[in-house]
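As structure tokens, the structure follows; a few thoughts come after it.
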Amino acid sequence: MNPSAISFEDFSQDWGSAPWLIDMHVDAYGMINMNIDATQVIQAVEDLRAYEKAPIQFLTDLCAVHYPERSGKELEVVYHLHCLTQNLRLRVKAALPESQARIPSLCSVFAGANWMERETFDFYGIQFEGHPDLRRILNMDEMDYHPLLKQYALEDETRDDKDDRFFGR
Amino acid sequence: MSDLIFNEKGQLRSVDTVDGELATLNLGPTHPATHGIFQNVLKVDGERIVSAEPTIGYIHRAFEKLAERRPYHQVTPITDRLNYCSAPINNMGWHMTVEKLIGAEMPKRVDYMRVIVMELARIADHLVCNSVIGVDTGALTGFTYMFQERERIYDLYEEICGARLTTNVGRIGGFDRDFSPEFIAKLRDFLMTFPARFEEFNSLLERNRIFMDRVIGAGPITVERALSYSFAGPNLRAAGLDYDVRVMNPYCSYQDFDFDVPVGKDGDTYDRFQVRQEEIRQSLRIIEQALENMPTGSYHADIPSFYIPPKQEVYSSMEALIYHFKIIMGETPVPSGEVYHAVEGANGELGYYLISDGGRTPYRLHFRRPCFIYYQAYPEMIQGSLLSDAILTMSSMNVIAGELDA
């Protein structure tokens, strides 16, 4: 990966005290990870878009992850953002409790967030508040569960030939 | 569709009307002009499209869920079925994602071999897209010429891995075998004869008055809207922004090659056609350079814990048997961590977001599928245009159902 023109030191100096930021670090693969307050995600993205040194104008990807063992933060919405001029890639995460899986929609900022959020809603049941048309997109409308949540096993649960216990784990 | 009413004769009438009345037209799910399973409920005023409502998911196969129960090497066949017009790029992208996670360095030879295979796939994909634009404008001849050439690329795949469409080519850690002399001979023959035939195809369309009248101005998008819709690849470049993952975040030694990134201006069907045509020429340049400067060395990395050993060795060598068993049974420890790796797919930035918790399968795998992301701009791009232009816009965006629905 080409190094970005913006170092992590510069970046953390500029953004370390942002009101929506919980913490940030650079991971072993060189990607800047930010944990943010889920209620302020629009503010965070708009601030980053207005970043003078590296305007983050490209929403690369949006998805969610389910961690059932993290009490109170079972769901995590992950945004991959990209500054095309300075080649700065960011991973922004917002944790949500499963019981209150709501987060503001980014549709007002990025037109492309529309279907990505619909897909995330379809898979995880996360409500994107302010989304103009939050319906299922890949699965059928009659489906009554959100299939990528970890409680829905992919295969017959009585089947044990792929169970980790039998592989010494 | 609550705003639809029926008149006393049982005919469909729409409440919101332009010039008196609107007709509702179902384009798809299966329609010969859409080249795949796409449904669009169009509201048309005569031949003009007033609004479009796409429905997708007809071939959704839950790949992200499937991947959570598959060991890393078993995810590769899933990636084949994303963009099946350029399956090798998907395969290589996945191998590189896993290699990034485990921190494996590839020998230069592997990089160059991968570049050759990926650029062949890009040519095959662009040939399908551009020749089909010709078909949709009524010019079938170029399509028949170029599908012959695409068959030759498939023959090349077959020499490498035995498969043609869903290739499952390569391994985590390199290739399962070296390029054979037959492959090299066939590739040289392809490089020798293809450009002339390709230029012949190009001359059928590029300055053809009928073709130009049909495609110039059809389905345009501005660069601002394209960026807002997270376009990438040829569609973004046709709108005028030169973002190419191969240049911005070089992977697989792309920095070693000399090639140009073509950009368009108007983001219409003609620009998308032109950008893809030029990319085919640039891909040929890259393949020639890779073939000329092919480094010597091994065709796979020395990472026995992750690279599936050749089957003959499994039967005769103790180490190979052990590693084979460990990889197949998911006994190899994988570091936990998160990686995002992007490659320049034929349709744009193809990303893999992989979360590993150290288990034998990915904890979470998300595919950034360029088709899925840019197809949502389709209603906006065809609004106000003619129905026949909508067909052209779809084929020039190169929407592939497999990648759209995952």
Side-chain angles (χ1 to χ4, degrees), chain A residues 1-4 27-31 33 57-67 76 78 80-82 84-87 89-91 93 107 109-116 118-120 122-123 133 135-141 147-150 152-155 162 164 166-169, chain B residues 54-58 60-62 64-66 68-71 100-101 103 225-232 241-243 247-251 255 329-331 335 337-342 349 351 353 355 357-361 363-364 366-369 372-377 380 404-406:
Chain A
M1 187 176 280
N2 268 353
S4 166
D27 69 15
Y29 306 97
M31 178 82 102
N33 283 257
Q57 70 282 68
F58 195 75
L59 175 67
T60 304
D61 194 21
L62 191 164
C63 68
V65 195
H66 187 208
Y67 298 99
E76 198 168 71
V78 185
H80 282 89
L81 300 167
H82 196 175
L84 298 179
T85 51
Q86 303 297 325
N87 191 21
R89 284 182 190 265
L90 295 180
R91 183 182 295 139
K93 296 178 177 180
C107 287
V109 191
F110 296 109
N114 190 320
W115 281 17
M116 299 192 226
R118 278 179 69 186
E119 188 194 35
T120 309
D122 192 356
F123 285 167
D133 182 26
R135 289 178 293 130
R136 286 186 184 272
I137 188 161
L138 292 174
N139 291 302
M140 58 180 183
D141 295 334
L148 258 82
L149 294 171
K150 291 283 179 189
Y152 302 112
L154 181 63
E155 288 162 49
K162 290 186 179 176
D164 276 356
F166 299 97
F167 299 96
R169 290 177 193 280
Chain B
T55 309
I56 69 164
Y58 284 93
H60 177 51
R61 292 143 298 174
E64 293 178 7
K65 188 77 179 172
L66 280 176
E68 290 178 10
R69 282 289 268 182
R70 284 172 170 244
K100 190 167 168 180
L101 177 77
R225 291 305 287 165
L227 260 184
S228 182
Y229 272 116
S230 298
F231 271 44
L241 203 140
D242 63 340
Y243 172 47
V247 177
M248 190 172 274
N249 300 118
Y251 51 92
Q255 67 277 10
M329 301 309 278
E331 277 285 295
E338 294 180 17
V339 286
Y340 176 81
H341 184 73
E349 177 170 347
Y353 177 44
I355 302 179
D357 64 346
R360 56 194 289 273
T361 61
Y363 184 77
R364 171 83 167 104
H366 180 73
F367 302 107
R368 185 211 192 264
R369 313 185 303 281
F372 175 76
I373 290 170
Y374 63 62
Y375 184 50
Q376 57 187 314
E380 190 178 307
L404 181 70
D405 291 345

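Note that the structure is a prediction, hence the values are computed from the model and not measured. In the text below, chain A, chain B and the rest are named by the order of the sequence lines, each starting its count at 1.
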Which value, rounded to the nearest 0.5 Å, describes the distance between [X] atom [atom1] and [Y] atom [atom2]?
| X | Y | atom1 | atom2 | value |
| --- | --- | --- | --- | --- |
| B/Gln376 | A/Ile137 | CD | CD1 | 7.5 Å |
| B/Glu349 | A/Asp61 | CD | CG | 8.5 Å |
| A/Leu62 | B/His366 | CG | NE2 | 7.5 Å |
| B/Asp357 | A/Tyr67 | CG | OH | 9.0 Å |
| B/Asp405 | A/Leu138 | CG | CG | 6.0 Å |
| B/Ser228 | A/Asn114 | OG | CG | 10.5 Å |

key: Residue from B/Tyr375, B/Tyr374, B/Tyr229 passing ring-ring contact (aromatic ring centres under 6.0 Å, His included) with A/Trp115   = B/Tyr375
task = Select, from B/Glu68, B/Arg225, B/His60, the one with the greatest count of heavy-atom pairs under 4.5 Å involving chain A.
result = B/His60
task = Considering only heavy atoms and a distance below 4.5 Å, find which of B/Tyr251, B/Tyr363, B/Tyr58 pairs most often with chain A.
result = B/Tyr363
Could you tell me which portion of [X] (side chain, backbone, both or neither) has an atom closer than 4.5 angstrom to a non-hydrogen atom of chain A?
| X | value |
| --- | --- |
| B/Leu241 | side chain |
| B/Ala406 | neither |
| B/Tyr243 | side chain |
| B/Leu66 | both |
| B/Ile373 | side chain |

Side chain / backbone / both / neither for [X] at chain B, heavy atoms under 4.5 Å:
| X | value |
| --- | --- |
| A/Val109 | backbone |
| A/Arg135 | side chain |
| A/His66 | backbone |

Would you say [X] and [Y] make side-chain contact, with heavy atoms under 4.5 Å?
| X | Y | answer |
| --- | --- | --- |
| A/Asn33 | B/Glu338 | yes |
| A/Arg89 | B/Asn249 | yes |
| B/Arg364 | A/Glu76 | no |

B/Leu101 backbone acceptor or donor facing A/Tyr29 side chain under 3.5 Å = yes
request  = Report the option among A/Cys63, A/Ala113, A/Pro147 that has the most heavy-atom pairs separated by less than 4.5 Å from atoms of chain B.
outcome  = A/Cys63
key: Option in A/Met116, A/Glu119, A/His82, A/Gln57 with maximal non-hydrogen atom pairs under 4.5 Å from chain B   = A/Glu119
request  = Return the set of residues passing salt bridge (Lys or Arg N to Asp or Glu O under 4.0 Å) with B/Lys65 (not counting sequence neighbours), or none when no residue passes.
outcome  =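 Counting only residues at least two positions away or on another chain, B/Lys65 forms no salt bridge (Lys or Arg N to Asp or Glu O under 4.0 Å).
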inquiry  = Can you list everything that forms a salt bridge (Lys or Arg N to Asp or Glu O under 4.0 Å) with A/Asp27? Sequence neighbours excluded, please.
reply    =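 Listed in chain order: A/Arg91.
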query = Considering all heavy atoms of both residues, which atom of B/Met248 and which atom of A/Asn87 are nearest to each other, and what is their separation?
reply = O-ND2, 3.1 Å
